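Report on the following structure.
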Amino acid sequence: MASLPAKPWPTGDALQLEPLVRRVLAPNPSPYTYTGTQTYIVSAGDGCAVIDPGPAEAEHIDALLTAVGDEPVIAIMCTHTHRDHSPASRPLAERTGAPIVGCAPLVMNDSGPRADASFDRDYAPDRVLHDGEAMSGPGWTLRAVATPGHVSNHLCFALEESGALFTGDHVMGWSTSVVVPPDGDMTDYMRSLEALGMREDRVYYPAHGEAVKKPQQLVRGMLGHRRQRERQILRHLAEGPHRAEDFVPKMYRGLDEKLHGAARMSVLAHLIDLERRGLVARSDDTWQMA
Ligand SMILES: [Zn+2]
């Protein structure tokens, strides 16, 4: 896990990353968001897309509108509906008249365990992009790449003109992505990582952390890391039954206490995946070798 970069952070500034892409950092740093959510503006000068508008904080929305200037906003695009990504889509749509395009709303049972406080339940897209469908504007085409796992409705967007991939929270530049069951699904997450490994994107622009300049190498490393976690879990289970929380101090030495809950959920996501594959079994909240 990367330590935070030295301040001042470029919160609110529009940084040009390549001819078609600028990035604006939102003022929402936290143990889960690193320096904050990074909103991307894709434009060839004649009408832009805003990707992952971020939290609905006035300061951030003003920064985005300043960066966009007089240019029409063609689409507001969301990779997924965690609260640090999509809530600003509504005030931004109101102020620019642009449609909200991208991931599907998350279907949740309102009283079930999927009713997670971290989800933006008010997200209302004008157009949902399915895997392989594209949104285009003057000089740019953004094609959806379905990447369920971190959450079930997650999309990445491929900028066809430049070979960049906006990876949202599927692959981040500072840490492994958190997979929280039941909506987060490790089986899907691994499959989505493998799918990215087959692509030939030039660079990843994640919602948190620096751009990834050697994407295939990172994806291979992440797949290896997850498989190693899996082997660790099986090794501990070979010694006897465990609850998900029992693994955390053994597997995540030195982890910030604030992140222990996330680590436990990540272990649980692996256990569910291993259970599906017939390798482990559970009774109530205790797990053992199958
Ligand atoms: Zn995020």
Side-chain angles (χ1 to χ4, degrees), residues 1-5 9-10 15 17-18 20-23 25 29-40 42 51-52 77 79-80 82 84-85 103 131 142-152 154-180 184-233 251-252 254-256 259 262-263 265-267 269-270 273:
M1 193 164 298
S3 53
L4 288 166
W9 300 338
L15 305 182
L17 303 181
E18 58 174 274
L20 296 179
V21 181
R22 282 176 295 158
R23 181 177 74 193
L25 174 64
S30 78
Y32 290 98
T33 59
Y34 193 55
T35 55
T37 304
Q38 299 176 125
T39 300
Y40 292 93
V42 174
I51 298 177
D52 278 345
M77 301 183 63
T79 60
H80 66 296
H82 270 148
D84 58 318
H85 289 255
C103 69
D131 186 43
L142 288 161
R143 195 168 296 280
V145 181
T147 41
H150 173 63
V151 286
S152 58
H154 198 287
L155 298 178
C156 295
F157 298 120
L159 176 57
E160 301 205 322
E161 287 75 5
S162 89
L165 185 74
F166 298 92
T167 55
D169 283 0
H170 179 55
V171 175
M172 298 194 281
W174 71 288
S175 153
T176 54
S177 180
V178 177
V179 177
V180 177
D185 186 307
M186 191 60 77
T187 314
D188 286 348
Y189 184 75
M190 294 290 280
R191 210 173 281 147
S192 294
L193 271 184
E194 282 161 5
L196 288 201
M198 308 290 285
R199 296 175 50 89
E200 291 179 345
D201 303 294
R202 179 180 53 84
V203 62
Y204 288 172
Y205 293 128
H208 309 279
E210 272 312 311
V212 177
K213 304 247 166 74
K214 292 185 176 162
Q216 273 70 30
Q217 191 176 314
L218 181 71
V219 166
R220 274 197 301 278
M222 292 178 92
L223 281 165
H225 170 76
R226 297 288 181 174
R227 290 193 188 110
Q228 187 189 344
R229 286 284 187 223
E230 209 175 274
R231 285 194 295 274
Q232 275 182 303
I233 288 171
M251 289 174 51
Y252 296 83
L255 181 72
D256 184 341
L259 294 172
M265 294 316 273
S266 201
V267 169
H270 274 295
D273 176 53

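Note that the coordinates shown come from a computational prediction; the quantities given were computed from them, not determined experimentally.
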Is there a side-chain contact (heavy atoms from CB on, under 4.5 Å) between Val42 and Phe166 once you walk through the steps?
-> CA-CA 11 Å; Val42 174; Phe166 298 92; 3.7 Å; yes
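- Leu223 is listed as a side-chain neighbour of Met190, based on a closest heavy-atom distance under 4.5 Å.
- With hydrogens and angles ignored, the 3.5 Å screen pairs a side-chain donor or acceptor of Gln216 with a backbone N or O of Arg199.
- Aromatic pair His82/His154: centroids not less than 6.0 angstrom apart.
- Judged purely by atom type and a 3.5 angstrom limit, His85 has no side-chain atom pairing as donor or acceptor with the backbone of Asp52.
- Between Trp174 and Thr35, every side-chain heavy-atom pair lies at or beyond the 4.5 Å cut-off.
- Side-chain contact check for Arg226 versus Glu230: every heavy-atom pair is 4.5 Å or farther apart.
- You'll find the side chain of Tyr252 reaches within 4.5 Å of the side chain of Arg229, heavy atoms only.
- Looking only at distances, a side-chain donor or acceptor of Asp131 sits under 3.5 Å from a matching main-chain atom of Ala146.
- A side-chain donor-acceptor contact under 3.5 Å links Arg202 to the backbone of Ser162.
- Annotation for Pro215 and Asp201: closest pair CG-O, 3.4 Å, computed over non-hydrogen atoms.
- For the pair Thr187 (side chain) and Asp273 (backbone), a donor-acceptor distance under 3.5 Å is absent.
- Note that the CG atom of Asp185 and the OG atom of Ser192 stand 9.0 Å from one another [nearest 0.5 Å].
- Contact between Pro206 and Gly173 at its shortest, heavy atoms only, is CG-N, 3.4 Å.
- At distances below 3.5 Å, at least one donor-acceptor pair connects side-chain atoms of Ser30 with backbone N or O atoms of Thr33.
- Nearest approach of Pro29 to Trp9, heavy atoms of both residues: CB-CZ3, 3.6 Å.
- A donor-acceptor pair shorter than 3.5 Å cannot be found between the side chains of Gln228 and Arg231.
- Here the rule is side chain to side chain contact (heavy atoms under 4.5 Å, CB included) with Leu165, and of Leu159, Val203, Leu196, Val171 only Leu196 fits it.
- Residues Glu210 and Tyr34 fail the side-chain proximity criterion, which asks for heavy atoms closer than 4.5 Å.
- Looking only at distances, no side-chain donor or acceptor of Tyr40 sits under 3.5 Å from a matching main-chain atom of Ala207.
- Under a 3.5 Å cut-off, the side chain of His208 and the backbone N or O of Gly36 do form a donor-acceptor pair.
- Asp169 and Ser177 form no side-chain donor-acceptor contact under 3.5 Å, judged by distance and modelled atom types alone.
- Once rounded to the nearest 0.5 Å, the distance linking CG of Leu20 with CD of Glu161 reads 6.5 Å.
- When side chains are defined from C-beta on, Arg191 does not count as touching Pro148, because their heavy atoms never get closer than 4.5 Å.
- Checked for salt-bridge contact, Glu18 and Lys213 miss the test: no charged N lies under 4.0 Å from a carboxylate O.
- Looking at heavy atoms from C-beta onward, His170 lies out of side-chain contact with Thr79 at the 4.5 angstrom threshold.
- Of the possible polar contacts, none joining the Tyr205 side chain to the Gly168 backbone as a donor-acceptor pair under 3.5 Å is found.
- From Leu193, atom CG reaches atom NE2 of His150 across 12.5 Å, with rounding to the nearest 0.5 Å.
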Evaluate the side-chain contact (heavy atoms from CB on, under 4.5 Å) criterion for residues Leu155 and Met77: first the C-alpha distance (whole Å), next the side-chain angles of each, then the deciding distance (0.1 Å), finally the verdict.
-> CA-CA 10 Å; Leu155 298 178; Met77 301 183 63; over 6 Å; no
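- For the pair Ile51/Leu142, a side-chain contact is recorded, criterion being any heavy-atom separation below 4.5 Å from C-beta on.
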